[in-house]
A.B. asks: 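Sharing a structure with you now.
The figures here come from the full heavy-atom set of this structure, side chains too, leaving out hydrogens, waters and symmetry mates. Each chain gets a letter, A, B and so on, in the order its sequence line appears, and its residues count up from 1.
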There are 2 protein chains.
Amino acid sequence: MSNDCKVETALDILVGKWKPVILYHILSNGILRFSELQRLIPDITKKMLTSQLRELEYHDIINRKIYAQIPPKVEYSMTEYGKGLMPLLESMHNWGLAHIEHLNEIYGEEEAK
Amino acid sequence: MSNDCKVETALDILVGKWKPVILYHILSNGILRFSELQRLIPDITKKMLTSQLRELEYHDIINRKIYAQIPPKVEYSMTEYGKGLMPLLESMHNWGLAHIEHLNEIYGEEEAK
DNA sequence: TGTCATAGTATCAAAAAGGAAACCATAAGG
DNA sequence: CCTTATGGTTTCCTTTTTGATACTATGACA
């Protein structure tokens, strides 16, 4: 019954407090180095950034390209497969946008928790 | 920049480990009492069920109808607004389904983490 | 009087997630 | 030598989530 429900599978890939914003930046910029991501997302720790990137990589959403040089250089980009997530992300974004408005209508402008 | 990204807003409504399955059951059954939800989702605790339902109610996704009788009777159902989530949930479900297959292709059938 | 049912709360504990800070390897440049 | 830069890893700690369990109110019924 409820085991047919794969919404959670999709959620797993997106959840993690930082994944949406990481994907957002990679999608907007195409290719980003680890340090560039750090700069774009100042509040994320290296540990979090690493772990989230690894999970996305495991799921074949992003590519990790290592240059054998020192200091190290590692570039992250969407995989072709990962780009297939875009429509879903857009739908979620749009729904989220509309929902914020809806909450405002219900509860007023002050803090829509 | 990344503050335009409302993917997380959508995620907030769906995340919670139990919300997808709660929505699934309410969507499939139309109207469900608290105790029926408990029976359908045996592993959930009352506390979790209550808190998740309250959050969904706050976001105007579900209705909570209280009958003034004893023993108490409370029915949960989708709001009209909440039904607007269905396409998104379906997209997520479909993506999740396809993704499981994709992981199998990459890593083989044994445990797609 | 005692028991059952429903829809919760309340309290405390455990587990999971997230964060801070230190540490590492290595080459280039001064 | 010493410092700087990159892309991490490791350890420890705090916060957040989740869970287990007990408790509550109230009327019906035996």
Side-chain angles (χ1 to χ4, degrees), chain A residues 2 7-26 29-59 61-77 113, chain B residues 2 5 7-9 11-26 29-59 61-77 113:
Chain A
S2 74
V7 170
E8 311 194 30
T9 305
L11 284 175
D12 283 348
I13 279 80
L14 274 356
V15 167
K17 184 179 183 184
W18 295 110
K19 279 180 200 160
V21 67
I22 290 171
L23 289 176
Y24 172 87
H25 286 298
I26 297 180
N29 291 276
I31 298 178
L32 286 174
R33 297 181 60 171
F34 187 87
S35 53
E36 291 175 313
L37 280 164
Q38 274 190 100
R39 264 172 239 123
L40 290 167
I41 314 170
D43 287 347
I44 199 171
T45 61
K46 286 155 169 279
K47 177 186 160 189
M48 272 296 107
L49 184 52
T50 305
S51 73
Q52 308 282 284
L53 287 170
R54 292 293 148 78
E55 286 179 37
L56 291 168
E57 187 194 2
Y58 173 86
H59 284 281
I61 307 298
I62 61 172
N63 274 130
R64 179 162 178 264
K65 183 169 180 186
I66 305 155
Y67 292 82
Q69 62 184 51
I70 281 174
K73 176 175 174 182
V74 179
E75 286 179 344
Y76 293 93
S77 56
K113 186 168 77 173
Chain B
S2 74
C5 171
V7 170
E8 311 193 33
T9 305
L11 284 175
D12 282 349
I13 279 82
L14 275 356
V15 167
K17 183 178 183 186
W18 296 110
K19 280 181 199 157
V21 66
I22 289 172
L23 290 175
Y24 172 86
H25 286 298
I26 296 181
N29 292 276
I31 298 179
L32 285 174
R33 296 182 61 173
F34 187 86
S35 53
E36 291 175 313
L37 279 164
Q38 274 190 102
R39 263 172 239 124
L40 290 167
I41 314 170
D43 287 347
I44 200 170
T45 61
K46 286 156 169 280
K47 178 184 159 191
M48 271 296 105
L49 184 53
T50 304
S51 73
Q52 308 280 285
L53 288 169
R54 292 293 148 80
E55 287 179 38
L56 291 169
E57 186 193 5
Y58 172 85
H59 285 281
I61 308 297
I62 60 171
N63 274 131
R64 178 161 177 266
K65 184 169 180 185
I66 305 155
Y67 292 82
Q69 62 183 51
I70 281 176
K73 176 174 174 182
V74 179
E75 285 180 345
Y76 293 92
S77 56
K113 185 168 77 174

A.B. asks: Could you give the CG-to-P distance, from Asp12(B) to dT16(D), as a whole number of Å?
C.D. replies: 15 Å
A.B. asks: I would like to know whether Glu57(A) and Asn63(A) meet side chain to side chain contact (heavy atoms under 4.5 Å, CB included); could you show each step before the answer?
C.D. replies: CA-CA 6 Å; Glu57(A) 187 194 2; Asn63(A) 274 130; over 6 Å; no
A.B. asks: Begin from the C-alpha positions of Leu49(A) and Leu53(A) and carry the test side chain to side chain contact (heavy atoms under 4.5 Å, CB included) through to its verdict.
C.D. replies: CA-CA 6 Å; Leu49(A) 184 52; Leu53(A) 287 170; 3.8 Å; yes
A.B. asks: Quick one: bend of the helix from dT1(C)-dA30(D) to dG30(C)-dC1(D) from 5 pairs per end, to 10°?
C.D. replies: 30°
A.B. asks: With rounding to the nearest 0.5 Å, note down the distance linking CE in Met48(A) to CG in Asp43(A).
C.D. replies: 13.5 Å
A.B. asks: Is the shortest side-chain N/O distance from Arg39(A) to OP1 or OP2 of dT6(D) below 4.0 Å?
C.D. replies: yes
A.B. asks: Whole-Å distance between dT6(D) C1' and Lys65(A) NZ?
C.D. replies: 17 Å
A.B. asks: Distances for protein N/O vs nucleotides 9-15 of chain D N/O pairs under 3.5 angstrom?
C.D. replies:
| unit_1 | atom_1 | unit_2 | atom_2 | d |
| --- | --- | --- | --- | --- |
| dT9(D) | OP1 | Arg54(A) | NH1 | 3.2 |

A.B. asks: Kindly say if Arg33(A) contacts the phosphate of dT6(D), meaning a side-chain N or O under 4.0 Å from OP1 or OP2.
C.D. replies: no
A.B. asks: Could you walk me through whether Glu8(B) and Lys17(A) satisfy the salt bridge (charged side-chain N to carboxylate O under 4.0 Å, His left out) test, starting with their C-alpha distance in whole Å, then the side-chain angles of each, then the deciding distance to 0.1 Å, before giving a yes or no?
C.D. replies: CA-CA 8 Å; Glu8(B) 311 193 33; Lys17(A) 184 179 183 184; over 6 Å; no
A.B. asks: Name the nucleic acid region contacted by Tyr67(A), choosing base, sugar-phosphate or nothing; use a 4.0 angstrom heavy-atom cut-off, strictly under.
C.D. replies: nothing
A.B. asks: Gly30(B) and Ser77(B): which non-hydrogen atoms are nearest, and at how many Å?
C.D. replies: O-CB, 3.3 Å
A.B. asks: I'd like to check the side-chain hydrogen bond (donor to acceptor under 3.5 Å, both in side chains) partners of Gln38(A); sequence neighbours left out, ordered by chain and number.
C.D. replies: none
A.B. asks: Go through it in stages, so that I can follow the logic: the residues are Val21(A) and Val7(B), the test is side chain to side chain contact (heavy atoms under 4.5 Å, CB included), and I'd like the CA-CA distance, side-chain angles, deciding distance and then a yes or no.
C.D. replies: CA-CA 9 Å; Val21(A) 67; Val7(B) 170; over 6 Å; no
A.B. asks: In whole Å, what is the span from the NZ atom of Lys73(A) to the C1' atom of dT6(D)?
C.D. replies: 12 Å
A.B. asks: Going 5' to 3' along DNA chain C, which are the first and last nucleotides with any atom under 4.0 Å from a heavy atom of chain A?
C.D. replies: dG18(C) to dA27(C)
A.B. asks: Return the set of residues passing side-chain hydrogen bond (donor to acceptor under 3.5 Å, both in side chains) with Glu75(B) (not counting sequence neighbours), or none when no residue passes.
C.D. replies: Tyr67(B)
A.B. asks: Could you check Ile62(B), Ile61(B), Ile44(B) and say which one makes a side-chain contact (heavy atoms from CB on, under 4.5 Å) with Ile22(B)?
C.D. replies: Ile44(B)
A.B. asks: What is the distance, to the nearest angstrom, from the CD1 atom on Ile44(B) to the P atom on dA20(D)?
C.D. replies: 12 Å
A.B. asks: In this structure, how many angstroms lie between the C1' atom of dT17(D) and the CG atom of Leu49(B), rounded?
C.D. replies: 16 Å
A.B. asks: Determine the minimum heavy-atom distance between Leu32(B) and His25(B), stating which atoms define it.
C.D. replies: CD1-O, 3.6 Å
A.B. asks: Return the value, rounded to whole Å, for the distance between atom CG of Leu53(A) and atom C1' of dG8(D).
C.D. replies: 11 Å
A.B. asks: Not counting sequence neighbours, which residues clear side-chain hydrogen bond (donor to acceptor under 3.5 Å, both in side chains) with Arg64(B)? List them please.
C.D. replies: Tyr76(B)
A.B. asks: Specify the separation, in whole Å, of atom CD of Glu57(A) and atom P of dG7(D).
C.D. replies: 15 Å
A.B. asks: Working to the nearest 0.5 Å, report the span between NE2 of His59(B) and OG1 of Thr9(B).
C.D. replies: 9.0 Å
A.B. asks: Could you check Pro71(A) against Gln52(A) and say which one's nearest nucleotide on DNA chain C is further toward the 5' end?
C.D. replies: Gln52(A)
A.B. asks: To the nearest Å, give me how far apart CD (Gln38(B)) and C1' (dT21(D)) are.
C.D. replies: 14 Å
